[in-house]
Amino acid sequence: MGIGTIYLVGAGPGSVDLLTLRAARLIGRASLIVHDGLVDPEIFALARPDARLVSVAKSRARHTLPQDQINALLVAEALKGNDVVRLKGGDPFVFGRGGEEAEEARAAGVPVEIVPGISAANGAAAATQIPLTHRDHASIVSFVAGQCKGLSEQDWAGLAGKGRTLVIYMGVKTAPQIAEKLMADGLAPDMPLAVVENAARPEMRVLHGPLAGLPQLVERHKVKSPALIIIGEVTASVIATGARTAPEMEFEGK
Ligand code: SAH
């Protein structure tokens with residue numbers, strides 16, 4: 001038996017119909033699916049009845065399997081001849097550690113393929129009708145991690161402001177530091193933002209407010225991960241034009 005292939009597959013923001021066709025086909029074929037906590041269980045209905053499903057669920061506070069053990073598991077299974085689908089929320093190469101898993105596979109001489117997915121930012125944009133760019137409001141968009149090594153020393157100057165959209169992943173817990181950091185960099189306290197919890201899923205919540213009120217917004221509504229913070233004029237443009245698609249859409253006045 002030859003060496004198997006490791007497929008790093010993007011599962012999109014949640015709902016099964018936002019998978020790519022390539023992802024769905026690979027999920028349907030795989031004998032082993034290694035997944036994490038951000039994957040909708042409905043997606044597993046596509047798997048073969050005899051497929052092995054292994055959870056390596058990660059959250060900020062709880063690591064059931066450290067990254068090096070995940071890497072070792074993927075490589076060991078592929079070396080045994082199994083095609084392995086490593087299913088990852090959103091896109092594997094946007095804050096997904098897909099890069100580390102791909103490096104590990106290449107170092108072990110195991111073929112690896114990447115299947116892109118709809119990242120949370122794109123899923124949230126579509127579901128809320130907040131465009132990430134807009135000729136009248138923003139021609140730059142940045143994705144940043146709100147929880148990472150050395151957050152306070154990181155230079156975010158210029159990432160947000162007029163004509164720019166900033167999308168923050170993993171920023172719920174650090175919302176107060178994020179607001180403070182951006183205002184210290186000169187961003188206006190009344191810069192509009194939206195917090196999108198469970199984007200593109202039935203339980204989605206969208207909260208709007210000014211930058212200065214971000215910590216209170218998150219606190220008062222008990223926002224939970226997974227959520228994105230979108231900062232910029234584009235978030236106000238959707239209110240101005242009256243789109244109301246979210247099951248719950250709240251506006252915190254300035
Ligand atoms: N690779 C993923 C991101 C993984 S990091 C992607 O491309 O989307 C995990 C973070 O993604 C979460 O903390 C949250 O900020 C964001 N996220 C993932 N799914 C989300 C969803 N359905 N709604 C809002 N944010 C989401």
Side-chain angles (χ1 to χ4, degrees), residues 7-20 22-23 34-43 55-65 67 70 85-102 114-130 132 141-149 151 156 159 165-179 193-208 214 217-218 221-231 235 238 245-250:
Y7 298 92
L8 304 181
V9 177
S15 49
V16 66
D17 57 354
L18 286 179
L19 282 175
T20 64
R22 188 180 298 179
V34 179
H35 62 92
D36 57 43
L38 291 173
V39 177
D40 183 333
E42 261 194 63
I43 289 173
S55 167
V56 292
K58 278 194 295 251
S59 73
R60 190 166 177 275
R62 184 178 48 97
H63 284 240
T64 51
L65 205 57
Q67 187 64 44
I70 298 175
V85 164
R86 171 70 175 109
L87 199 54
K88 306 173 79 70
D91 181 87
F93 277 4
V94 178
F95 307 126
R97 302 200 189 189
E100 295 167 43
E101 291 169 3
I114 319 300
V115 180
I118 295 177
S119 193
N122 300 99
T128 59
Q129 299 195 11
I130 295 170
L132 298 178
V141 55
S142 309
F143 296 170
V144 308
Q147 182 244 321
C148 57
K149 294 174 194 154
L151 176 65
W156 286 13
L159 293 183
T165 304
L166 180 60
V167 183
I168 301 168
Y169 288 64
M170 297 172 279
V172 173
K173 286 272 160 21
T174 50
Q177 293 96 296
I178 287 170
L193 62 78
V195 176
V196 188
E197 182 189 71
N198 282 310
R201 299 177 183 172
E203 63 273 32
M204 177 168 84
R205 283 200 298 166
V206 189
L207 306 165
H208 289 264
L214 175 64
L217 191 68
V218 164
H221 294 275
K222 299 189 169 40
V223 176
K224 299 245 160 29
S225 181
L228 290 178
I229 303 165
I230 306 177
I231 300 174
T235 65
V238 67
T245 55
E248 183 182 330
M249 178 87 134
E250 304 210 10

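Keep in mind that this is a model prediction, so the values were computed, not measured. Any value given below was found using the heavy atoms of this structure, including those in side chains, with hydrogens, waters and symmetry copies removed. All ligand and atom numbering here is 1-based and tracks the order in the structure.
Among the atoms of Gly89, some N or O lies under 3.5 angstrom from an N or O of ligand 1. Not a single N or O atom of Gly171, backbone or side chain, sits closer than 3.5 Å to an N or O atom of ligand 1. For Tyr169, no nitrogen or oxygen atom sits less than 3.5 Å from a nitrogen or oxygen atom of ligand 1, counting backbone and side chain alike. In terms of polar-atom proximity, defined here as any N/O pair under 3.5 Å, Glu197 makes no such contact with ligand 1. The shortest N or O to N or O distance between Ala227 and ligand 1 is under 3.5 Å. Note: no N/O pair closer than 3.5 Å links Pro92 and ligand 1 by distance alone. Ligand 1 has a nitrogen or oxygen under 3.5 angstrom from a nitrogen or oxygen of Ala120.
Residue Ser225 places a heavy atom under 4.0 Å from ligand 1. Using a non-hydrogen distance threshold of 4.0 Å, Gly123 does not register as a contact of ligand 1. Residue Ala200 places every heavy atom at 4.0 Å or more from ligand 1.
Here His221 contributes atom NE2 and Arg205 contributes atom CZ; the two are 7.5 Å apart, rounded to the nearest 0.5 Å. Residue Leu132 holds its CG atom at 11.0 Å from CG of Leu166, rounded to the nearest 0.5 Å.
In the candidate list Val94, Ile229, Ile168, Val94 is nearest to atom 1 (N) of ligand 1, counting heavy atoms.
Close approach of ligand 1 to Pro13 is summarised as follows: ligand atoms under 4.0 Å from at least one heavy atom of the residue are 22 (N). Residue Arg201 has at least one heavy-atom neighbour below 4.0 Å for each of these atoms of ligand 1: 22 (N). Against a heavy-atom cut-off of under 4.0 Å, Asn198 is close to the following atoms of ligand 1: 22 (N), 23 (N). Those atoms of ligand 1 that come under 4.0 Å of a heavy atom in Val196, given as number and element, are 24 (C). Listed by atom number, the atoms of ligand 1 under 4.0 Å from Asp91 heavy atoms are 1 (N), 6 (C), 7 (O).
Annotation: side chain of Glu101 is not in contact with side chain of Val34 (no heavy-atom distance under 4.5 Å). Using a 4.5 Å cut-off on side-chain heavy atoms (C-beta onward), Ser142 and Thr165 make no contact. Gln67 places a side-chain heavy atom less than 4.5 Å from the side chain of Glu100. In this structure, Glu197 and Leu207 have side chains that are not in contact, with every pair of non-hydrogen atoms separated by 4.5 Å or more.
Under the ring pair (Phe, Tyr, Trp, His ring centres under 6.0 Å) criterion, Phe93 pairs with no residue, sequence neighbours left out. Remark: Leu87 pairs with Val9, Ala11, Ile27, Ile33, His35, Val39, Ile43, Phe44, Val85 by the side-chain contact (heavy atoms from CB on, under 4.5 Å) rule, at least two apart or across chains.
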